[in-house]
Amino acid sequence: MRRIILVAAALILIGTAAFWGATRPEVVIAAELAGIEPDLARGEEVFWATGCASCHAGEEAEGDDKLVLSGGHRLETPFGAFVAPNISQDPVHGIGDWTTAEIVTAVMKGTSPDGGHYYPAFPYAAYGKAEVSDIVSLAAFLQTLPADATPSAPHELALPYSIRTGLGAWKRAFVTDDWAMPADTAEIERGRYLSEALAHCGECHTPRNAAGGLDTTRWFAGAPNPSGRGNIPNITPAELDWTEADIAAYLESGFTPEFDTAGGSMRAVIEGTSKLSDADRSAIAAYVKSVPPAE
Amino acid sequence: MRFTRPILSGLAGAAILATAATAQDVNPAVAARKAHMTLYAHNLGLLGGMARGNIEYDAETATAAAASLAALSKLDQSRYWPEGTDSDTLMETRALPDIWEDLPKVVEISGTLVSASDVLAAEAGNGLEALRASLGPVGQACGACHEDFRVSDD
């Protein structure tokens, strides 16, 4: 009997160690970034493409205030409300004392400097597909932005989602290096990089399964709006009949082909895409048009 | 299969009746403000078409459209927005109840639209670049209201 208990205890220990090993938070160490020179201009482009300000700028921010990343945007989900934290340069309430490796780790691996998992409301599943050099440049740009001492608000989650341990398993199940869509031309490939890795369009435009993972079989087919009433529209050819030029012009000006304007959280997205190059907006448009129709 | 046709025509008939009922039941204030938005879009369509190079620039028509837009932005809208005509109460509108909870903000944005439209009206005849530069702030004003006060599309 004693032997059985010992064996069982040993098995539990091994199992726990294996689970911990398989789901422990991944980090990027400084040595892995050695030799990657940040490019501030590129970092600013990445900042607008990744849409950091869409969630992390203060709620009423307009114009230059979009660069004050004091947080506060709420994402209402079936798991509870996520509140975007302060990521300004304040050393206490923001990320002012983080190293570049810590920022890259947070953005690409979803791991905090103290080694915990972030919730995937922070779209690291997308950002993890980015070029490391782009995120190093982004980190350098973030470090040029102002400090703001607004304390971060806690997320408002129900049990069991308020326990972060399970997130390692979530990451194993849903974070992948694979692209959601094929890319047949160089332009679509560029558009895919911008859309899937940086702009993370799928995080709102693709429906999720019961565990909160993106349903890649219904890529861009639309989903409930996490930031208020209504829905995030289906932007596959099943519903969106705009031309590539229409989409590119919308991403620049916010005007639809009917000269309505973008509303809801898409307005903040366009604040970012309006600052990209024409070539990048056209590439996103080519990629969006290449996605298969889905109802 | 033989039931398909009567069922389909029955459905079509029901759809027509439903459409007629909906058209009749649209709150007149909602109908009026939607018509107003349509007039904005009609004028913006010409100006935006020129800005995008889809319509050849012409100073006279651009000025006329921009003047119409500026005039529209100044019309009294107080009877467009009676209490109880929000998206929680009526099916036919995407106007969020937040409008009535934060009227000063709505009025402020509407003031931004008036000044941006006045600039556009003054600039639209001064060449394509002037038109392009002054169209952006008008779009910003439209978007500012649609960001916080309109239900996201589906």
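Each chain gets a letter, A, B and so on, in the order its sequence line appears, and its residues count up from 1. What you see is a predicted model, and the numbers here were worked out from it, not measured in a lab.
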* Best-contacting candidate, B/Ala41, B/Cys142, B/Gly143, against chain A by heavy atom pairs under 4.5 angstrom -> B/Gly143
* Whether A/Phe259 and A/Phe255 hold their rings parallel, tilted or perpendicular, with breakpoints at 30° and 60° -> tilted
* In terms of heavy-atom proximity below 4.5 Å to chain A, should B/Ala144 be classed as side chain, backbone, both, or neither? -> both
* Structure fact -> Turns out that what part of B/Leu47 lies under 4.5 Å from chain A's heavy atoms comes down to neither
* **Engaged part of B/Asp98 at the chain A interface, taking heavy atoms whose separation is under 4.5 Å** => side chain
* Structure fact -> Looking only at A/Thr256, A/Ile270, A/Thr261, most heavy-atom pairs under 4.5 Å shared with chain B are made by A/Thr261
* To do: Just say parallel, tilted or perpendicular for the rings of A/Tyr119 and A/Phe82, cut-offs at 30° and 60°.
  => tilted
* Asked: If you count heavy-atom pairs under 4.5 Å between each of A/Ala249, A/Gly254, A/Ser253 and chain B, which one has the most?
  -> A/Ala249
* Structure fact -> Bottom line for B/Asp88: the part with an atom under 4.5 Å from chain A's heavy atoms is side chain
* Structure fact -> Honestly, the part of A/Glu62 sitting under 4.5 Å from a heavy atom of chain B is side chain
* Asked: NE2 of B/His42: more than 12 outside heavy atoms within 6.0 angstrom?
  -> no
* Set of side chain to side chain contact (heavy atoms under 4.5 Å, CB included) partners for B/Ser134, sequence neighbours left out -> B/Val119, B/Leu120, B/Glu123
* Structure fact -> dist B/Asp148:CG -> A/Ser227:OG (nearest 0.5 Å) comes out at 11.0 Å
* Structure fact -> If you tally heavy-atom pairs under 4.5 Å between each of B/Asn43, B/Thr38, B/Asn54, B/Val151 and chain A, the highest tally belongs to B/Val151
* Asked: Atom CD1 in A/Ile284, atom NZ in A/Lys289: separation rounded to 0.5 Å?
  -> 15.0 Å
* To do: Check the pair A/Arg74, A/Glu76 against salt bridge (Lys or Arg N to Asp or Glu O under 4.0 Å), reporting the backbone distance first and the verdict last.
  => CA-CA 6 Å; A/Arg74 291 170 68 89; A/Glu76 305 282 351; 3.1 Å; yes
